[in-house]
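The block underneath contains the structure these notes are about, expressed in structure tokens.
Per chain, numbering begins at 1; letters A, B, ... match sequence-line order. None of these values were measured; they are calculated from a predicted model.
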There are 2 protein chains.
Amino acid sequence: MATAVVLVIFTVQRDGLSVLLIERAADPCKGQWALPGGILREGESLGGAAARKLADETGVSDVFLEQLFTFDRLGDGRAEIVVAYFALVDVARTRLRAELEWRPAWHSVRGVSSLAFENERIIEYSNQRLRNKLEYTNVAYSLLPEQFTLTELQRVHEAILGEPLDKRNFRRRVVGLGIVRETGKTVKYGAHRPAMLFEFVSRQPMTV
Amino acid sequence: MATAVVLVIFTVQRDGLSVLLIERAADPCKGQWALPGGILREGESLGGAAARKLADETGVSDVFLEQLFTFDRLGDGRAEIVVAYFALVDVARTRLRAELEWRPAWHSVRGVSSLAFENERIIEYSNQRLRNKLEYTNVAYSLLPEQFTLTELQRVHEAILGEPLDKRNFRRRVVGLGIVRETGKTVKYGAHRPAMLFEFVSRQPMTV
DNA sequence: CCAAAAGTGTTCTGACTACACCCATGC
DNA sequence: GCATGGGTGTAGTCAGAACACTTTTGG
């Protein structure tokens, strides 16, 4: 019996929130989809194991990664204690592993079901925490480049919340709460008026 | 190396929030105050271990008890993973253990310092979560009897938040949010006008 | 008659919602 | 000239904060 970590890795694709799942190559639950995870190595910290596993699966580090909850006995038989983490990554910067017996793949969050080990509940809980933190923190920082337009940020929020937002109210909130600020620079995308670039006030996870 | 639980057990005494600490009888940190905790037994669940430890220390069960956070390597040398829980108990119903080498005692939350194993940080975090949950849930249910007056509930809130509250605003909030409701009965305490008795809408932990 | 606690309403402010039009650009 | 997306202001509603007096009762 050992301790394990399990990861809920979210990304935003074509305006939809997706989560990374792997197809289990081994029993139990062989062939079913499940959240990626792994056993804690000797001398490794929890956060370290989560970050290592995240880098293994997606190739990224330095993104939003936070402890979610600790479960017992939903492991794969090898783990007694499972510490769940959730992360947000920019899909454009990830490189999924392409092993034959391990196929990781993005799955839309709406529509996951019949996963191994009650993993739906973990995803649902994680999604709720994400939605909550979106309202008052900078969690989205790891989904966007250094600078971005407000519209880009709004698309990300809409994808995560699953509902359209009002442009003016959105701007007031994220600027008013001090989540983002204007950079003074503008950018032009194709046939449009130049748009103001914004940046996150901090690219570190906010401590509430 | 094993998994352990550690407990932040709060109570309210004379209008102050207190936490239960034990004086360590064994190295490391012998003689220092620390949060009570224990090693997970074979086949025991996390929540089960927390509830057992809580009953060991205070004699109570069926109170608010919730998982807080999971730490690594702040154990006492025997534990690698430490899952922290926090609880709220009615001091009037507790019976502390009175062992020579183990003296548990209530300590006012304002004024704890130099505890073993960074335990202050756990207490601080726990206190913050408690204050947050107080605003929109029924966490206080395990500090009060079945029925109580609004003033009694308000005293509890004030003790936990550490600041006085307005009577009228307080009533509007707890009634308006559906945390408590009138029972229709009244009670008289000494030389006072009879007071309406209230009860919690539910005495189970609210799931947000 | 005095001390102690219970009960009750109104006003102000700040946050959030809903909502519609004009502007700059590239084609 | 038109399609695309960027940018902006106002009115309404609701929750929370501040605030003072009257009532009942026991001693």
Side-chain angles (χ1 to χ4, degrees), chain A residues 12 14-15 131-138 140 144-145 147-199 201 206 208, chain B residues 12 14-15 131-138 140 144-145 147-199 201 206 208:
Chain A
V12 169
R14 278 182 264 110
D15 294 346
R131 276 183 265 126
N132 287 340
K133 298 205 74 148
L134 200 60
E135 312 253 313
Y136 61 95
T137 72
N138 62 353
L144 290 167
Q147 305 197 333
F148 46 86
T149 64
L150 273 192
T151 305
E152 287 166 340
L153 180 61
Q154 187 176 339
R155 297 262 176 283
V156 168
H157 280 235
E158 287 171 339
I160 292 174
L161 298 173
E163 64 186 9
L165 299 173
D166 180 86
K167 224 188 327 185
R168 289 161 288 190
N169 297 338
F170 181 75
R171 167 186 284 258
R172 258 195 300 268
R173 216 191 50 238
V174 293
V175 176
L177 291 177
I179 294 175
V180 300
R181 66 174 160 229
E182 298 193 3
T183 60
K185 296 178 227 165
T186 56
V187 69
K188 256 166 27 79
Y189 290 128
H192 314 310
R193 178 184 193 168
M196 179 61 69
L197 282 173
F198 284 76
E199 63 189 358
V201 170
M206 290 169 67
V208 174
Chain B
V12 169
R14 278 184 261 110
D15 294 347
R131 276 183 265 124
N132 287 341
K133 298 205 74 149
L134 201 60
E135 313 252 313
Y136 60 97
T137 71
N138 62 352
L144 290 166
Q147 304 196 333
F148 47 84
T149 65
L150 272 191
T151 304
E152 288 166 339
L153 180 61
Q154 189 178 335
R155 296 261 176 282
V156 168
H157 280 236
E158 287 172 339
I160 293 174
L161 298 173
E163 63 184 11
L165 298 173
D166 179 86
K167 223 184 336 180
R168 292 161 286 189
N169 296 336
F170 182 75
R171 167 186 286 258
R172 258 196 301 270
R173 213 187 56 234
V174 293
V175 176
L177 290 177
I179 294 175
V180 300
R181 64 173 161 230
E182 297 192 5
T183 60
K185 296 179 228 165
T186 57
V187 69
K188 256 167 27 80
Y189 290 126
H192 314 310
R193 177 187 195 164
M196 179 60 69
L197 282 173
F198 284 76
E199 64 189 358
V201 169
M206 290 170 66
V208 175

Over how many whole Å does the gap from [X] atom [atom1] to [N] atom [atom2] extend?
| X | N | atom1 | atom2 | result |
| --- | --- | --- | --- | --- |
| B:Glu163 | D:dG16 | CD | C1' | 13 Å |
| A:Met196 | C:dA24 | CE | C1' | 14 Å |
| A:Lys167 | C:dT17 | NZ | P | 17 Å |
| B:Phe170 | D:dG16 | CZ | P | 13 Å |
| A:His192 | C:dC27 | NE2 | P | 10 Å |
| A:Glu182 | D:dG7 | CD | C1' | 11 Å |
| A:Tyr136 | C:dC16 | OH | C1' | 18 Å |

Got a donor-acceptor pair under 3.5 Å from the side chain of B:Arg193 to the base of C:dT8? no
Side-chain donor/acceptor contact of B:Arg168 with base of C:dG7 under 3.5 Å: no
Mapping A:Arg173 and B:Glu152 onto DNA chain C by nearest heavy atom, which one lands closer to the 5' end? B:Glu152
Heavy-atom closest pair, residues A:Thr149 and A:Tyr189: CG2-CE1, 3.9 Å
Consider the side chain of B:Arg172, meaning its heavy atoms from C-beta on, and name the nucleotide among C:dG9, D:dT25, C:dA6 that approaches it most closely. C:dG9
Does a side-chain heavy-atom distance below 4.5 Å link A:Arg155 with A:Phe148? no
